[in-house]
Amino acid sequence: MSTFATKLIHWQKLHGRNSLPWQNTRDPYAIWVSEIMLQQTQVATVVPYYLRFLHRFPDIESVASGSEDEVLALWSGLGYYSRGRNLHRAARLIAREQGGIFPRGLEIIQQLPGIGRSTAAAIAVFAYGEQCAILDGNVKRVFARCFGMDGYPGERKNEMLLWRKAEELLPEKNEQDQIGIYTQALMDLGATICTRAKPQCMTCPLRQECIALRDDHVNRLPAPRPRRLLPEKETVLLMLMRQGKVLLEKRPATGIWGGLWCLPEMPLSEDTLAYCTRHFGMNVEPLAHMPPLDHTFTHFRLRIHPQPLQVISYPAALKVQGQDETMWITPDDALKAAIPAPVRKLLMQYGYPQSGQSIEKQL
DNA sequence: AAAGCGGGGGG
DNA sequence: CCCCCAGCTTT
């Protein structure tokens, strides 16, 4: 009778993933970048962003000497931009205070901005072989099913319980050199077998001990997060065109699309032409109408009304109230900048009506 | 159309 | 502390 860890290690060697771009390295920097990108984001999405990021920023020193704007530009489309800002902050911190050497040790790693307990553990395991437990969304799902945990795994007491289990189940002394394989096995099992929908229980290495499978509760576990209904909001995004260029504003560092370049936002209640006169001192006239674009966040739904406008006249010194940074940029260049996904979509629709262009083609 | 995913920050 | 926030993909 082999243990939990032994089964997973054996399964990983036969069926796990072993050639992802961030595997087969012990470079803590490369592992760090991958783990940050993999927060909230699936492998297939991350791969092209990761390759591009490491090509431009091959080490901590290069990130630290690059601008936040450039980091965010490479992050554009990946979402959760505070991850990019924190990565940049942390790189500068490490460059300045640690001579560019990524720290060792779970607790130290966890003190870096953007790195919590699970991410720190993953880095400590993959880069240094430390005996640490991870607990990401995949692992929570695997555990909730395997142990038949009824409650919502995000609830405090359940999460504490899961962390305790995660630590108990770490490999025994004789297999501690396999901690990386074991950790990868947990991730891969959640990603390829113990999936949210249609899990492949028949080929699962844990099928003999899985409580959810035994009790036919696999599709009920893990318990879903308690929901509250989404508020809906509407806003206007102005597409001010002048000499083939569009006006972008840099958003404040915090809040929605923090630090990204965005089309100027205007309340739906205002009159467009009056707003442009008052806010920018511009004379404008409407261009071809564009249909509204719906964008969903976790906590609200946003209906965006794009408003393309031709600038007829504008003041010599464009000074926008409460906005320290604005720029005129061609839509082509804007697509290479740090812009949120809906703005990217609008600019692409504007530049290439009809055809949709996927992120992979641009990368 | 709805659900899921780690960590930071504010109340 | 606990609760809210963030943006994209998958189902």
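Throughout, protein chains are lettered first and strands after them, A, B, ... in sequence-line order, and every chain is numbered starting at 1.
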Might you point out which heavy atoms bring A:H305 and A:P292 nearest each other, and give the distance in Å?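 Heavy atoms of A:H305 and A:P292 come nearest at ND1-CB, 4.0 Å.
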Distance only, no hydrogens: is a donor on one side chain within 3.5 Å (strictly under) of an acceptor on the other, for A:T3 and A:E172?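 Looking only at side-chain atoms, A:E172 and A:T3 do not form any donor-acceptor pair under 3.5 Å.
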Please state how far atom [atom1] in [X] lies from atom [atom2] in [N], giving the value in whole angstrom units.
X      : N     : atom1 : atom2 : answer
A:Y152 : C:dC3 : OH    : C1'   : 12 Å
A:L135 : B:dC5 : CG    : P     : 11 Å
A:K140 : B:dG6 : NZ    : P     : 7 Å

Could you say whether A:S82 or A:R196 is positioned toward the 5' end of DNA chain C, judged by the nucleotide with the nearest heavy atom to each?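 Its nearest nucleotide being more 5', the pick is A:S82.
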Among B:dC5, C:dC8, B:dA3, which is the nearest nucleotide to the side chain of A:A341?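 Ranking B:dC5, C:dC8, B:dA3 by closest atom to the A:A341 side chain puts C:dC8 first.
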Phosphate-side-chain proximity, [X] and [N], N/O vs OP1/OP2 below 4.0 Å:
X      : N     : result
A:Y81  : C:dC8 : yes
A:R141 : B:dC5 : yes
A:T119 : B:dG7 : yes
A:R156 : C:dC2 : yes

Between A:D188 and A:W11, is the side-chain hydrogen bond (donor to acceptor under 3.5 Å, both in side chains) condition met? List the steps. CA-CA 10 Å; A:D188 289 358; A:W11 174 84; over 6 Å; no
With sugar-phosphate meaning primed atoms plus P, OP1 and OP2, does [X] contact a base, only sugar-phosphate, or nothing at under 4.0 Å between heavy atoms?
X      : answer
A:L112 : sugar-phosphate
A:T41  : nothing
A:I115 : sugar-phosphate

Give me the ring orientation class for A:Y275 and A:F280: parallel if the planes are under 30° apart, tilted from 30 to 60°, perpendicular past 60°.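 The arrangement is perpendicular - the two ring planes meet at more than 60°.
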